[in-house]
A.B. asks: 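Here you go, one structure.
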Protein chains: 2
Amino acid sequence: MRILIVEDTPDVAEAASASLGRAGFACDVAPTLADAHACAGITGYAAIVLDLNLPDGSGRDFLRERRRAGDRTPVLVLTAQFSVDERVAALDDGADDYLVKPFDLRELEARLRALTRREAGRAENRMVLGGLDFDPGAQSLRVNGAAVTATRRELALLNLLIANRGRIMPKDRLFDGLFGFENADVGTNTIELYVARLRKKLAGSGVSIETHRGLGYRLDLDG
Amino acid sequence: MRILIVEDTPDVAEAASASLGRAGFACDVAPTLADAHACAGITGYAAIVLDLNLPDGSGRDFLRERRRAGDRTPVLVLTAQFSVDERVAALDDGADDYLVKPFDLRELEARLRALTRREAGRAENRMVLGGLDFDPGAQSLRVNGAAVTATRRELALLNLLIANRGRIMPKDRLFDGLFGFENADVGTNTIELYVARLRKKLAGSGVSIETHRGLGYRLDLDG
DNA sequence: GCCAAGCTGTCATCAAGCTGTCATGCGGGC
DNA sequence: GCCCGCATGACAGCTTGATGACAGCTTGGC
């Protein structure tokens, strides 16, 4: 799950990026509208966090342009004041949610989880599949009822695979979802590595990750 | 499905070629207009990805020439800036779609699929025929409801045959769709080989691949 | 601030399975 | 009957993925 944070205050952007990173999201930060356009053009995002007040224009323009271009990526808008007008305007422009600054990082995290969840067509956070019980909010994983510890990257990968359950996910797509731009130089071998680590932890759960040579990986129930 | 990528930046061309290759397209790369003309003269393409800014001229000239010569191959144009003028001009010249650089490889893939699909007159990606259910986007194949694993080449061949369902496809045409120039020295026997492999996997699906001696192969419902 | 523990990603090596060639056999057409 | 085109099994090369070991770095405890 890759997130774009459009925010020009370094402190806020950094804090949000760190917090969301811990929560299993891969984050890219864009301090200007121009950067935001560039990022959104290069890769797809599971959601966008958009500050309205930016040095080179209003986030509303960015939002409107994206929507006009047919992009339906969930957007969470950050507003400075709790003005009903501004709030309504943002939603009219196509925002999916808003948060008033200053905000609690945990709330940002929770709302983003709700947005990406909604996109995947799920009503609740928890995902149960076979003997596997995964809650991305609590970052908790259970296999056949027993709690299993997994690292951030492992959970992020699992999250992606479950969200695309039954579909073959190309390795580069998984890579995009796991790493932001600042980690672009990481070897693609790491995906194979984490798949191997995940497989060990999922052993006996009735869920497995199939390899499709030259195509990618697919998570699904056994059999 | 064979694609011509006219792009002079090696990184971009390579990334696109790799990504599309995984998606089941056979790609040729032409770094100059001269190369592009040569390739387009030698073989037909399901679509052309055309960068406008090339070392030996503008892609627009290439596009205009092709259209004037009566070629209706779908063309997706890559533009550097999001300029409305340039965009309109490209569409006027006969482009079918455009993408602003930098772009997301997934989007390129999706748009090409849309273009080639449109050419085949289908509205949806998924193809259902008898007991056969094939989704080229997810690279997933089901026979009578059961998932069947197939390799990249097998899927590419199936894709071609289904897209031309009911029509006899000459072997050299299938060959062109499966292999780019860099594989030009592959024996034509390989087509027979992959037809045989596909037949095994499609057994009992109600769909079969008929041999027409000296003419080619035809995929259709039994009976 | 220091230290320990564990997470991360690289490398090298090994295994798997895809790919295309070859050889052989079959069957239709002339 | 002969020839040509196609079918198919076996095989070797090679790309791609799997996996164990390791070093650097981050993180959290004290």
Side-chain angles (χ1 to χ4, degrees), chain A residues 14-15 17-19 21-24 26 139 141 148-158 161 168-175 177-180 182-203 208-219, chain B residues 14 17-19 21-22 24 26 139 141 148-158 161 168-203 208-219:
Chain A
E14 211 167 302
S17 174
S19 163
R22 256 189 301 279
Q139 297 266 70
L141 172 63
V148 170
T149 63
T151 69
R152 190 165 79 237
R153 287 269 139 90
E154 288 166 359
L155 291 171
L157 176 61
L158 179 61
L161 287 172
I168 294 178
M169 293 290 284
K171 224 181 329 186
D172 51 4
R173 183 108 49 108
L174 294 173
F175 189 89
L178 241 59
F179 300 96
E182 76 266 24
N183 300 43
D185 54 348
V186 169
T188 51
N189 185 12
T190 44
I191 296 297
E192 293 152 23
L193 177 67
Y194 280 105
V195 166
R197 287 176 179 163
L198 251 188
R199 276 186 178 139
K200 274 186 196 158
K201 302 199 174 178
L202 300 188
S208 59
I209 303 173
E210 306 159 9
T211 303
H212 293 257
R213 280 196 159 241
L215 298 173
Y217 295 97
R218 189 176 76 169
L219 177 143
Chain B
E14 209 168 304
S17 174
S19 164
R22 254 190 300 279
Q139 297 271 54
L141 172 63
V148 170
T149 63
T151 69
R152 194 162 75 238
R153 287 269 140 90
E154 288 165 357
L155 290 172
L157 176 60
L158 178 60
L161 287 173
I168 296 179
M169 291 292 285
K171 221 180 332 185
D172 52 3
R173 188 96 151 278
L174 294 174
F175 188 89
D176 280 355
L178 242 58
F179 300 97
F181 284 126
E182 75 265 26
N183 301 51
D185 53 348
V186 169
T188 51
N189 184 13
T190 42
I191 296 297
E192 294 153 22
L193 176 67
Y194 279 106
V195 166
R197 285 177 179 162
L198 252 188
R199 276 184 177 141
K200 274 187 196 158
K201 301 200 172 177
L202 300 189
S208 57
I209 303 172
E210 306 159 9
T211 303
H212 292 257
R213 278 186 154 250
L215 298 174
Y217 296 96
R218 190 176 77 163
L219 177 143

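The chains referred to below are lettered A, B, ... by the order of the sequence lines, with proteins before strands, and numbering in each begins at 1.
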A.B. asks: From C-beta outward on Glu192(B), which listed nucleotide comes closest to its side chain: dA7(D), dT10(C), dT21(C)?
C.D. replies: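 In terms of side-chain proximity for Glu192(B), the closest of dA7(D), dT10(C), dT21(C) is dA7(D).
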A.B. asks: Do other residues, nucleotides or ligands put more than 12 heavy atoms under 6.0 Å from the CZ atom of Arg173(B)?
C.D. replies: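 Not more than 12 within 6.0 Å, no.
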A.B. asks: Can you tell me how far P of dG20(C) sits from CZ of Arg153(B), to the nearest Å?
C.D. replies: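 Atom CZ in Arg153(B) sits about 5 Å away from atom P in dG20(C).
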A.B. asks: Of the nucleotides dT8(D), dT19(D), dG9(C), which has the atom closest to the Asn183(A) side chain?
C.D. replies: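 Closest nucleotide to the Asn183(A) side chain: dG9(C).
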A.B. asks: Please round to 10 degrees the angle between the axis of the first five pairs and the axis of the last five pairs in the helix from dG1(C)-dC30(D) to dC30(C)-dG1(D).
C.D. replies: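 Axis angle across the helix from dG1(C)-dC30(D) to dC30(C)-dG1(D), nearest 10°: 30°.
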A.B. asks: Show your reasoning for whether side-chain contact (heavy atoms from CB on, under 4.5 Å) applies to Leu141(B) and Glu154(B).
C.D. replies: CA-CA 11 Å; Leu141(B) 172 63; Glu154(B) 288 165 357; over 6 Å; no
A.B. asks: Between Thr211(B) and dG5(D), is there a contact of a side-chain N or O with OP1 or OP2 at under 4.0 Å?
C.D. replies: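 For dG5(D), neither OP1 nor OP2 has a side-chain N or O of Thr211(B) closer than 4.0 Å.
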A.B. asks: Expressed as a whole number of angstroms, how long is the span from Arg199(A):CZ to dT19(D):P?
C.D. replies: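 It is 7 Å, rounded to the nearest whole Å.
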A.B. asks: Return yes if some donor-acceptor pair links the side-chain N/O of Gln139(B) with the main-chain N/O of Pro170(A) below 3.5 Å, else return no.
C.D. replies: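 No: the side chain of Gln139(B) does not pair with the backbone of Pro170(A).
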A.B. asks: Can you sort out the partners of Arg218(B) under side-chain hydrogen bond (donor to acceptor under 3.5 Å, both in side chains), two or more places apart, ordered by chain and number?
C.D. replies: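 Checked Arg218(B) against side-chain hydrogen bond (donor to acceptor under 3.5 Å, both in side chains); matches are Glu210(B).
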A.B. asks: Output one letter per nucleotide in nucleotides 23-28 of chain D: B when a protein non-hydrogen atom lies under 4.0 Å from the base, S when only the sugar-phosphate is that close, - when neither is.
C.D. replies: ------
A.B. asks: Can you give one letter per nucleotide of nucleotides 23-30 of chain C, going 5' to 3': B for a protein heavy atom under 4.0 Å from the base, S for sugar-phosphate only, - for none?
C.D. replies: B---B---
A.B. asks: Within residues 168-179 of chain B, find the residues that approach DNA chain D with a heavy atom at under 4.0 Å, and present them sorted by residue number.
C.D. replies: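 Contacting residues: Lys171(B).
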A.B. asks: Measure CD/Gln139(A) against C1'/dC7(C) and give the value in whole Å, please.
C.D. replies: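 It is 14 Å, rounded to the nearest whole Å.
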A.B. asks: Is any side-chain N or O of Arg197(B) under 3.5 Å from a base N or O of dG9(D), one able to act as donor and the other as acceptor?
C.D. replies: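 Checked by distance alone, the answer is no.
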A.B. asks: Please give, in whole Å, the distance from dT19(C) C1' to Tyr194(B) OH?
C.D. replies: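 Distance, rounded to whole Å: 4 Å.
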A.B. asks: Identify, with sequence neighbours excluded, every residue that meets ring-ring contact (aromatic ring centres under 6.0 Å, His included) alongside Phe179(B).
C.D. replies: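 Expected list: Phe175(B).
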A.B. asks: Is a donor from one side chain sitting under 3.5 angstrom from an acceptor on the other, for Arg213(A) and Thr149(B)?
C.D. replies: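 No, no side-chain donor-acceptor pair sits under 3.5 Å.
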A.B. asks: Are the side chains of Leu178(A) and Thr190(A) in touch, meaning some heavy atoms are under 4.5 Å apart?
C.D. replies: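 Not in contact.
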